[in-house]
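Take a look at the structure set out below.
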Amino acid sequence: MPEGHTIHRLARKHREVLAGQTVATASPQGRFSTGARRLDGQTLEAVDAHGKHLFYRWGRGETLHVHLGLFGRFRLHRSQPPPDPTPNTRFTMTGDEVAVYLAGPTVCELVDPAEEAAILRRLGPDPLRAGSGAVKLAQFTANLSRRRIPIGAALLDQRVIAGLGNIYRAEVLFRTGIDAQLPANRLSADAASRLWTESATLLRQGRRDGRIITVDPADVGARRRRDLDRTERLYVYKRTGEPCRRCGTPVSMTEMANRSIWWCSSCQPKGAGS
DNA sequence: GGGTGATGCTGAG
DNA sequence: TCAGCCTCACCCC
C-alpha cells in the first residue's frame with residue numbers, strides 16, 4: 001500500500017472526516033495505550049504528510065507521528081457503530097461519523113517539535129508537498145550529485161527524494177529510459193530533471209487515482225487509462241521475463257538496495273542517463 | 001491450517 | 001550487508 005501517494009491521500013481523507021472534531025482514541029492492542037489516553041477527547045486540528053510520514057496535530061499542541069512501514073494499514077469505517085477492532089489494532093480514532101483504525105505501523109508515537117524537526121531534516125524534497133518545484137528540483141539534483149550509489153538505490157533513499165517506493169523507482173526509471181545501475185552522481189542535469197518531473201507526475205496521478213498506474217494506454221492498445229485492467233497498469237514491476245510493453249524485450253530483474261528491481265535492457269541501456 | 005511474501009526502514013556488525 | 005520487526009492476504013495443501 002504505502003508509497004507517498006497513499007500517505008498524502010490518507011492525510012487528505014483523515015483531515016476530511018476527522019479534523020475539527022472531538023475524537024475518541026484508544027489502543028486495543030495496548031502498545032500505544034499511554035499516547036492514546038493522552039489524545040482521547042482532544043480535537044484533531046490538522047493532518048500533514050511529508051514523504052511517507054504522517055503528522056496528526058491535536059488541540060493541546062501534541063503531534064502524533066505515524067509511519068506505516070511495509071505492513072501498516074489504516075481502515076476507515078462508516079458504519080454505526082463501527083465494527084470491533086481486531087486485537088492487533090494499534091490505535092483507533094473515532095469521530096462523529098467515522099472510525100479510523102490503524103494496524104501494523106512501524107511508528108506510532110507522540111513527538112515534540114524538536115523530534116519532528118529531526119524527522120523532517122532527514123527527508124529530501126517531496127514532490128507532493130506545496131512549494132517551488134524549481135527549488136525542490138535543485139535540492140534533488142544536489143542530493144544525487146553527492147551519491148555514488150546506483151540511481152536505482154538512490155531513489156529509494158528518502159533523504160534524496162521523499163515518497164518514492166519500490167514500484168515507483170522501477171517505473172520512473174523505465175519511463176525516463178535511465179539505466180538503474182548508473183551512479184547517481186553521473187546522471188546528467190537533463191536526466192535528473194526528467195526523473196524529478198516524472199516522479200512528481202506519477203505521484204500526483206497516484207494520489208488522485210488511489211492506485212499506481214504508470215502505463216500510457218496507447219502502449220497496451222487501450223484508449224483511456226481507466227480501460228487498463230489490473231495486469232496492464234505497470235511497465236516493468238514484477239514482470240520478470242515478460243515482454244516489454246514498448247519493445248518486446250523480456251523484462252530483467254535483480255536486487256538493488258535489498259529490494260528487487262525490474263527494468264528493460266533495451267529501453268534502459270547501460271549508461272543511459274549519463 | 002501452515003507458509004510466504006509485501007508498495008519500508010533501522011541498527012548491529 | 002543482513003537480520004529483524006510489524007500484519008495480513010493469498011496460495012497451496
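Letters go in sequence order (proteins before strands), and every chain restarts at 1. Heavy atoms only: backbone and side chains are in, while hydrogens, waters and symmetry mates are out.
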Would you mind reading off the distance between [X] atom [atom1] and [N] atom [atom2], rounded to a whole angstrom?
X      : N     : atom1 : atom2 : answer
A/R230 : B/dT7 : CZ    : C1'   : 15 Å
A/I261 : B/dT7 : CD1   : P     : 12 Å
A/L70  : B/dG8 : CG    : C1'   : 5 Å
A/M253 : B/dG5 : CE    : P     : 12 Å
A/I167 : B/dA6 : CD1   : P     : 11 Å
A/L10  : B/dT7 : CG    : P     : 18 Å
A/L123 : B/dG8 : CG    : P     : 14 Å

Item to check | Qualifying residues under side-chain hydrogen bond (donor to acceptor under 3.5 Å, both in side chains), relative to A/R233, sequence neighbours excluded | outcome: none
Item to check | Those residues that, when tested against A/D229, pass side-chain hydrogen bond (donor to acceptor under 3.5 Å, both in side chains) (two or more places apart) | outcome: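 So A/D229 forms a side-chain hydrogen bond (donor to acceptor under 3.5 Å, both in side chains) with A/T231.
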Distance, [atom1] atom - from [M] to [N], rounded to whole angstrom:
N      : M      : atom1 : result
C/dC13 : B/dG5  : P     : 15 Å
C/dT1  : B/dT7  : C1'   : 23 Å
C/dC5  : B/dG13 : P     : 14 Å

Checklist entry - Please, what dot-bracket string fits DNA chain B when only Watson-Crick and G-U pairs with both distances under 3.5 Å count, crossing ones use [ ] and pairs to another strand use |? => result ||||||.|||||.
Checklist entry - Quick one: ring-ring contact (aromatic ring centres under 6.0 Å, His included) partners of A/W263, sequence neighbours excluded? => result none
Item to check | Residues which pass ring-ring contact (aromatic ring centres under 6.0 Å, His included) with A/H8, listed by chain and number, not counting sequence neighbours | outcome: none
Checklist entry - Does A/M256 have any side chain to side chain contact (heavy atoms under 4.5 Å, CB included) partners at least two apart in sequence or in another chain, and if so, which? => result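 If we apply the side chain to side chain contact (heavy atoms under 4.5 Å, CB included) test to A/M256, skipping adjacent residues, the hits are A/P150, A/A153, A/R169, A/A180, A/Q181, A/I261.
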Checklist outcome for this item: A/D40 meets the side chain to side chain contact (heavy atoms under 4.5 Å, CB included) criterion, sequence neighbours left out, with A/A24, A/T25
Item to check | Pairing of A/R159 and A/D157 as salt bridge, 4.0 angstrom limit | outcome: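 Here A/R159 pairs with A/D157 in a salt bridge, since their nearest N and O are under 4.0 Å apart.
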Checklist entry - Is A/R129 salt-bridged to A/D48, cutoff N-O under 4.0 Å? => result no
Checklist entry - Between B/dG5 and A/K238, is there an OP1 or OP2 to side-chain N/O distance shorter than 4.0 Å? => result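 For B/dG5, OP1/OP2 do not have a side-chain N/O of A/K238 under 4.0 Å.
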Item to check | Base versus backbone protein contacts along nucleotides 7-12 of chain C [heavy-atom cut-off under 4.0 Å; B, S, -] | outcome: BSS---
Using a cut-off of under 3.5 Å, enumerate the N/O to N/O pairs linking the protein to nucleotides 9-13 of chain B.
from: B/dC9; atom 1: OP1; to: A/H67; atom 2: NE2; distance (Å): 3.1
from: B/dC9; atom 1: OP2; to: A/K52; atom 2: NZ; distance (Å): 3.1

Item to check | ring pair (Phe, Tyr, Trp, His ring centres under 6.0 Å) contacts in which one or both residues fall within residues 85-135 of chain A, not counting sequence neighbours | outcome: A/F32-A/F91, A/H77-A/Y101
Checklist entry - Quick one: ring pair (Phe, Tyr, Trp, His ring centres under 6.0 Å) pairs with a partner in residues 117-155 of chain A, sequence neighbours left out? => result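 Every pair satisfying ring pair (Phe, Tyr, Trp, His ring centres under 6.0 Å) with a residue in residues 117-155 of chain A: A/F140-A/W196.
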Expected list for residues 265-274 of chain A: side-chain donor-acceptor pairs under 3.5 angstrom, two or more places apart:
from: A/S266; atom 1: OG; to: A/T249; atom 2: OG1; distance (Å): 2.8
from: A/Q268; atom 1: OE1; to: A/C264; atom 2: N; distance (Å): 2.9
from: A/Q268; atom 1: NE2; to: A/L173; atom 2: O; distance (Å): 3.4
from: A/Q268; atom 1: NE2; to: A/I178; atom 2: O; distance (Å): 3.0
from: A/S274; atom 1: OG; to: A/G271; atom 2: O; distance (Å): 2.9

